[in-house]
Amino acid sequence: MSKDKTILRALAGETLPTPPIWMMRQAGRYLPEYRATRAEAGDFLSLCYNSELAAEVTLQPIRRYGFDAAILFADILLVPQALGADLWFVTGEGPRLSTITTADELAKLKPADDIHEHLSPVYETVNILSKELPEETTLIGFAGAPWTVATYMIAGQGTPDQGPAHALKADNRTVFDGLMERITEATISYMSAQIEAGAEVVKIFDSWAGSLQGDDFARYSIKPMQRITQALKEKHPGIPVIAFPRGAGEKYIGAHAAIGADCIAVDDGVEADWVAANVQTGGCVQGNLKSTHMVTGGDTLVSETKRIVDALKGGPHIFNLGHGITPDADPENVQLMIDTVRGG
Ligand code: CP3
């Protein structure tokens with residue numbers, strides 16, 4: 001592992017003159033070369049399980065832009081599928097899964113350690129990437145946090161308010177806790193295998209953390225991410241972990257210590273100067289330009305990018321968007337953001 005990699009330096013707590021940069025969903029539909037490779041694979045899930053093509057789409061934004069990190073091309077919903085849930089994607093709508101809401105359905109899921117045969121193409125993607133990435137580019141593996149993955153497994157699809165998961169948590173805590181436990185164990189096992197295959201950093205996406213209120217936030221977002229982080233660090237000493245409790249708002253304060261993460265990724269619901277004063281004091285932060293600037297571009301993109309770089313320049317910072325780039329983004333705006341970050 002090269003110590004010169006800027007992402008690893010920032011994750012180790014170093015304040016760099018220019019923040020390293022990568023972008024959530026950097027391999028995605030806004031890129032014509034991604035759309036072409038997805039068409040070659042057939043569909044999104046076939047692309048995830050085709051190691052050669054998944055490695056190819058991971059490399060596309062690195063070739064085009066020279067980002068400092070590459071994120072493994074896969075999806076957080078491959079874990080439910082490996083546990084035995086049915087998974088398919090409806091074009092224009094999003095993911096669909098068979099649901100887990102009863103003790104019988106929970107009992108039919110596979111044990112957490114039985115996921116690896118199904119997920120072996122993902123490990124092969126990591127293996128290919130660790131050989132093919134430029135020397136200076138850091139390879140990030142990832143998984144969904146248990147709460148976020150559970151929201152999809154319980155509802156069988158994305159939901160605006162995660163209502164079905166909140167309902168199961170209220171109505172049948174035994175099944176809910178059992179599902180959370182199974183996902184937590186599977187996630188530790190899955191991310192550990194990614195690290196063994198060559199991932200140099202791992203990121204845990206808790207995209208729906210913001211819908212957990214009061215004690216639920218600590219219990220179902222922070223605690224499972226803390227358990228995963230601790231288990232990974234015990235097994236792989238020194239592995240840097242980025243945690244993303246999206247929508248946490250003021251609950252981002254203290255998240256580094258509570259999770260034991262090296263970096264907290266922040267969404268665009270919090271201001272960068274507030275993050276500097278309240279979150280970056282705990283360690284490296286990642287974020288948080290609004291992804292709509294990748295659609296609209298222009299002077300506002302430049303001034304907003306500079307504002308964020310400037311606000312966070314006093315401590316370790318990895319520049320990123322506040323959430324994934326959208327399919328309607330203009331690839332030229334991505335270049336403008338990178339030039340602005342790197343050009344000062
Ligand atoms: O960031 C990257 O480039 C790495 C790959 C990656 C994908 N999904 C590829 C993808 C990562 C890290 C994810 C994470 C993911 N997947 C999350 C957490 C982050 C977040 O966005 O909040 C979630 C909630 C999912 C589940 C998921 N996958 C949804 C809800 C959807 C449909 C919505 C959409 O954007 O279409 C997906 C599909 C998906 N995952 C796409 C990509 C590139 C688009 C599929 C396509 O090509 O048609």
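Atoms within a ligand are numbered from 1 in the order they appear, just like the ligands themselves.
Evaluated for a side-chain contact (heavy atoms from CB on, under 4.5 Å) with Ile154, the options Val175, Leu179, Leu97, Thr99 yield exactly one hit, Leu179. For the side-chain contact (heavy atoms from CB on, under 4.5 Å) with Thr138, the qualifying choice from Leu8, Asp68, Leu11, Thr6 is Leu8, the only one to do so.
The shortest N or O to N or O distance between Trp22 and ligand 1 is not under 3.5 Å. Some N or O of Asp75 is nearer than 3.5 Å to an N or O of ligand 1, by distance alone. For ligand 1, none of its N or O atoms has an N or O atom of Arg246 under 3.5 Å away. Considering both main-chain and side-chain atoms, Thr148 never comes within under 3.5 Å of ligand 1 through any nitrogen or oxygen pair.
Within ligand 1, counting atoms from 1 as listed, the ones closer than 4.0 Å to a heavy atom of Ala27 are 3 (O), 43 (C). Numbered from 1 in the order shown, with element, the atoms of ligand 1 that lie under 4.0 Å from a heavy atom of Gln26 read 3 (O). In the vicinity of Tyr34, heavy-atom distances shorter than 4.0 Å reach the ligand 1 atoms 43 (C), 46 (C), 47 (O). Residue-ligand proximity, Phe205 to ligand 1, at heavy-atom distances under 4.0 Å covers atoms 12 (C), 18 (C), 19 (C). Listed by number with element, the atoms of ligand 1 under 4.0 Å from a non-hydrogen atom of Ala74 are 5 (C), 6 (C), 7 (C), 8 (N), 9 (C).
With hydrogens left out, the protein atom closest to atom 42 (C) of ligand 1 is Phe44 CE1, 3.5 Å, a heavy atom. Scanning the protein heavy atoms around atom 18 (C) of ligand 1, the nearest turns out to be Ser207 OG, 3.2 Å.
Ligand 1 is approached by Pro95 to a heavy-atom distance shorter than 4.0 Å. No heavy atom of Lys203 sits closer than 4.0 Å to any atom of ligand 1.
A donor-acceptor pair shorter than 3.5 Å cannot be found between the side chains of Tyr220 and Asp215. A side-chain donor from one of His236 and Ser192 sits under 3.5 Å from a side-chain acceptor of the other.
Taking each of Met23, Arg25, Arg35 in turn, the one with a heavy atom nearest to atom 33 (C) of ligand 1 proves to be Arg25. With atom 24 (C) of ligand 1 as the reference point, the heavy atom nearest to it among Phe73, Tyr152, Phe244 is part of Tyr152. Scanning Arg29, Arg38, Met24 for the heavy atom closest to atom 48 (O) of ligand 1 points to Arg38.
Counting heavy atoms closer than 4.0 Å to ligand 1, residue Leu72 contributes backbone atoms (N, CA, C, O) but none from C-beta onward.
Between Phe142 and Phe244, the gap from one ring centroid to the other reaches at least 6.0 Å. The ring of Phe67 has its center no closer than 6.0 angstrom to the ring center of Phe319.
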